[in-house]
Amino acid sequence: MPVITLEQLRANKTRDSLYVLLHKKVYNVTKFIDEHPGGDEVILAEAGQDVTEAFEDVGHSDEARALLPGMFIGDFEEGSELKIKSGAAEAQAKRVAGAVEQGSNLMYFIPLTLLGGYFAWRFYSSGGL
Ligand code: HEM
């Protein structure tokens with residue numbers, strides 16, 4: 001069974017080629033939109049996106065659901081939307097970790113410099129150890 005990626009879903013959102021994501025499955029509704037009792041506009045407006053909420057809000061009948069297998073083209077790639085989000089989250093986490101590391105380097109550097117300065121001062125002011 002083919003797996004449809006988020007990119008593929010987004011790339012098919014015109015009247016000539018129209019995919020929708022419904023309950024984690026992808027349907028090619030290109031031929032159906034002209035026959036849709038709810039009109040083509042509503043589906044076109046949601047094209048290339050997850051229509052699950054809109055579809056369920058309408059309360060589609062069992063007859064409507066029975067049409068779906070005929071338009072089914074593949075499962076939606078598991079977590080592809082999540083991947084995009086976690087990619088951004090990872091980058092953010094790296095930035096935070098970098099900043100924290102920089103901060104803690106400074107935390108060691110300042111006291112060590114002061115300590116070094118103190119001993120240098122003692123050394124020079126007492127004319128040796
Ligand atoms: C993608 C697959 C879809 C199929 C197979 C489908 C099928 C149908 C069918 C057969 C009806 C007639 C009433 C019924 O049997 O429930 C209907 C009505 C309707 N559909 Fe869809 N639909 C789909 C998607 C959508 C989407 C994504 C929306 C909204 C964004 C939508 C909005 C509506 C509306 C508003 C009606 C009511 C029309 C009326 O009662 O005048 N449909 N649909």
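We count ligands from 1, going down the list as the structure has it; atoms in each ligand are counted the same way.
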Among all protein non-hydrogen atoms, which one is nearest to [atom], and what is the separation to 0.1 Å?
| atom | answer |
| --- | --- |
| atom 26 (C) of ligand 1 | I43 CG1, 3.9 Å |
| atom 11 (C) of ligand 1 | P37 CG, 3.3 Å |
| atom 27 (C) of ligand 1 | V51 CB, 3.7 Å |
| atom 2 (C) of ligand 1 | L68 CD2, 3.7 Å |
| atom 14 (C) of ligand 1 | S61 OG, 3.1 Å |
| atom 34 (C) of ligand 1 | V58 CG1, 3.6 Å |
| atom 38 (C) of ligand 1 | G38 CA, 3.5 Å |
| atom 31 (C) of ligand 1 | H36 CE1, 3.3 Å |

**Message:** If hydrophobic clusters are built from ILVMFWY residues whose side chains come within less than 4.5 Å, do F109 and L114 share one?
**Reply:** no

Would you say [X] and [Y] make side-chain contact, with heavy atoms under 4.5 Å?
| X | Y | result |
| --- | --- | --- |
| R15 | I33 | yes |
| L68 | F55 | yes |
| I43 | L18 | yes |
| H36 | V42 | yes |
| K13 | Y19 | no |

For ligand 1, which part of [X] has a heavy atom less than 4.0 Å away: the side chain, the backbone, both, or neither?
| X | result |
| --- | --- |
| H60 | both |
| M71 | side chain |
| L22 | neither |
| F32 | side chain |

Quick one: which ligand 1 atoms are inside 4.0 Å of a heavy atom on [X]?
| X | result |
| --- | --- |
| V29 | 1 (C) |
| A64 | 5 (C), 7 (C), 8 (C), 9 (C), 10 (C), 15 (O), 16 (O) |
| V20 | 1 (C) |
| A54 | 29 (C), 30 (C) |

Taking all atoms of both residues into account, what is the closest heavy-atom pair of [X] and [Y], and its distance?
| X | Y | value |
| --- | --- | --- |
| T52 | H23 | OG1-N, 3.0 Å |
| S17 | T30 | CA-OG1, 3.6 Å |
| L9 | F76 | CD2-CE1, 4.0 Å |
| V51 | E46 | CG1-CB, 3.4 Å |

**Asked** Within a radius of less than 6.0 Å around CD of E56, do more than 12 heavy atoms belonging to other residues, nucleotides or ligands occur?
**Response** yes

**Request:** Identify which one of N12, V29, V26 satisfies the side chain to side chain contact (heavy atoms under 4.5 Å, CB included) criterion when paired with I73.
**Result:**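 Single pass found, and it is V26.
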
**Prompt:** For F55, is the nearest heavy atom under 4.0 Å from an atom of ligand 1?
**Reply:** yes

**contact_flag E46 ligand 1 heavy-atom lt 4.0 Å** = yes

**Message:** My question is simple, although I want it checked carefully: is atom 36 (C) of ligand 1 less than 4.0 angstrom from any protein heavy atom?
**Reply:** yes

**Prompt:** Within the structure, does at least one protein heavy atom fall under 4.0 Å of atom 43 (N) of ligand 1?
**Reply:** yes

